[in-house]
Amino acid sequence: MKSNWARAACSDAALCGISKEHLGALIAELAGPWSAAREAGQDERRGHARIRAAGAGPDHRLVFTDRVLVTLVALRWQLSHRVLAVLFGVSGSTVDRSVAEVRPLLAARGFAVPDRPGIRLRTLADVFSYAEPEGITLRIDGTEVQVRRPKAHRPGRRAFVSGKKRQNTEKAVVISDGQGRGLWLGAIRPGRMHDVTQVRSEGIEEQLRLHPNVRAEVDSGCQGLARDFPGQVSAPPKKLGQDTGPGERNFYDNTRHRHSQQRIMVEHAIAEPKQWRSLQRWTGRRGDLPEAMAAIGALVSDRAARRMTLRKPSAELVLAGPTAC
């Protein structure tokens, strides 16, 4: 009775963060990969293939549907695993294992493509290969997530102190289209790293060279990228000096305003995953944050991709890798 009550409560969109229709499709999508991964792990531990028929042996204390639910609730509200264990009547270690099994499957799904059902973007190369034939101007920006402070006397401790937030953070790069629909979320780096250094170290600069027809809008933190790719990347003008005349000041303000109107949609793409408590302040292991970001970004993109598009997609789309389902 306890598990049935907990399943009914956690399947509500207010707790798991997605609709029941989306939840049903997600469970059906992940059931096969989860079963295959679990069977492969058991074969590795046994040292040989299964002898008994599939389904033999004791049943799971936490069925697969409940494992997906506890993972979603943990990501949405960062609820303690011990609390979820009490709700479903299992041990805390069972919930720990469930989240460790399901979260990688969510992260590996990739980002949904608007008007392209069945195709998902999993790498930066996929994003640029999608944007070039579709004529999409990418919006690129960064976001920071507060993390736990590293222990004292550890190397690289200061690398997490953000110069902007004055907190221990990790920052990620967000890429969206012109309608604020997220296409990619990744490039996790310590908060002290500069935005343009983060972008270049992840390979976005190389992708711009490989796809010269792709246009991008960035903020003032990536003015160096706009300087290196003047025909592709657009950034706001540099700040003016104190002795600037009123005419130049008026031109500067109008230029920044126009650029902000073009780039503002990426802020909406940042705000959607930030509604999930895990990306407001991450209290788990810092090594698990990239996986959690990818999982949440993929879930949010499913909903964003269903929004009505304002343009007609091109006839053909070829991605840079085997990402089409």
Side-chain angles (χ1 to χ4, degrees), residues 1-46 50 52-109 145 147-148 272-303:
M1 180 63 70
K2 179 180 289 188
S3 62
N4 292 337
W5 174 87
R7 185 182 305 122
C10 292
S11 61
D12 190 274
L15 280 179
C16 68
I18 60 177
S19 65
K20 291 187 177 181
E21 293 78 8
H22 188 186
L23 177 62
L26 186 67
I27 292 173
E29 177 186 347
L30 298 182
W34 176 80
S35 299
R38 187 173 182 84
E39 191 68 25
Q42 291 177 343
D43 290 346
E44 183 177 357
R45 288 192 297 270
R46 287 190 299 253
R50 171 185 288 275
R52 293 189 295 179
D59 295 331
H60 296 295
R61 292 288 305 277
L62 201 63
V63 297
F64 176 69
T65 298
D66 294 341
R67 291 170 185 259
V68 174
L69 284 175
V70 297
T71 304
L72 292 175
V73 174
L75 289 173
R76 179 65 180 89
W77 296 106
Q78 206 161 198
L79 197 62
S80 170
H81 292 185
R82 303 179 85 179
V83 174
L84 291 170
V86 172
L87 290 177
F88 284 89
V90 296
S91 64
S93 59
T94 299
V95 176
D96 293 340
R97 287 194 301 269
S98 300
V99 174
E101 291 172 359
V102 176
R103 189 174 59 199
L105 300 178
L106 294 172
R109 296 175 64 238
V145 178
V147 297
R148 288 181 176 179
E272 283 191 275
K274 279 299 187 74
Q275 294 176 3
W276 291 59
R277 185 66 58 84
S278 295
L279 299 190
Q280 296 173 12
R281 185 178 186 275
W282 178 253
T283 59
R285 294 177 62 254
R286 289 189 304 275
D288 294 336
L289 180 58
E291 190 175 84
M293 276 193 174
I296 293 173
L299 291 169
V300 171
S301 72
D302 291 336
R303 181 177 60 185

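Because the structure is a prediction, the values reported are computed rather than measured.
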How far apart are the C-alpha atoms of Arg38 and Glu101, what are their side-chain angles, what is the distance that settles it, and do they pass the side-chain contact (heavy atoms from CB on, under 4.5 Å) test?
CA-CA 8 Å; Arg38 187 173 182 84; Glu101 291 172 359; 3.1 Å; yes

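Distance check, rounded to the nearest 0.5 Å: CD of Glu29 to CZ of Arg109 gives 4.0 Å. Taking OG from Ser19 and CG from Asp12, the interatomic distance works out to 10.5 Å, rounded to the nearest 0.5 Å. A distance of 10.5 Å separates CD1 of Ile27 from NE2 of His22, quoted to the nearest 0.5 Å.
For Gln78 against Arg281, the heavy-atom pair with the smallest separation is NE2-O, 2.7 Å. Nearest heavy atom pair, residue Lys274 against residue Leu279, reads CD-O, 3.0 Å. Across all non-hydrogen atoms, the minimal contact from Ala74 to His81 is CB-NE2, 4.2 Å. Smallest separation of non-hydrogen atoms from Gly89 and Arg61: O-NH2, 3.0 Å. Considering every non-hydrogen atom in both Arg277 and Trp77, the closest pair reads NH2-CZ3, 3.4 Å. Nearest heavy-atom pair, Cys10 versus Leu15, reported as atom, atom and distance to 0.1 Å: CA-CD1, 3.8 Å.
Residues Leu299 and Leu72 form a side-chain contact, since some pair of their non-hydrogen atoms from C-beta on lies under 4.5 Å apart. For the pair Val70/Val102, no side-chain contact is recorded, criterion being any heavy-atom separation below 4.5 Å from C-beta on. In this structure the side chain of Leu69 reaches within 4.5 angstrom of the side chain of Leu23, judged on heavy atoms. For the pair Trp276 and Val300, the minimum side-chain heavy-atom distance is below 4.5 Å. Side-chain contact between Val90 and Asp66 is absent, with no heavy atoms from C-beta onward closer than 4.5 Å. Using a 4.5 Å heavy-atom cutoff, the side chains of Met293 and Leu289 are in contact. Taking 4.5 Å as the limit, every side-chain heavy atom of Arg76 sits out of range of all side-chain heavy atoms of Val73.
Although no hydrogens or angles enter the test, the distance criterion places no donor-acceptor pair under 3.5 Å between the side chain of Ser98 and the main chain of Arg67. Although no hydrogens or angles enter the test, the distance criterion places no donor-acceptor pair under 3.5 Å between the side chain of Trp5 and the main chain of Ala8.
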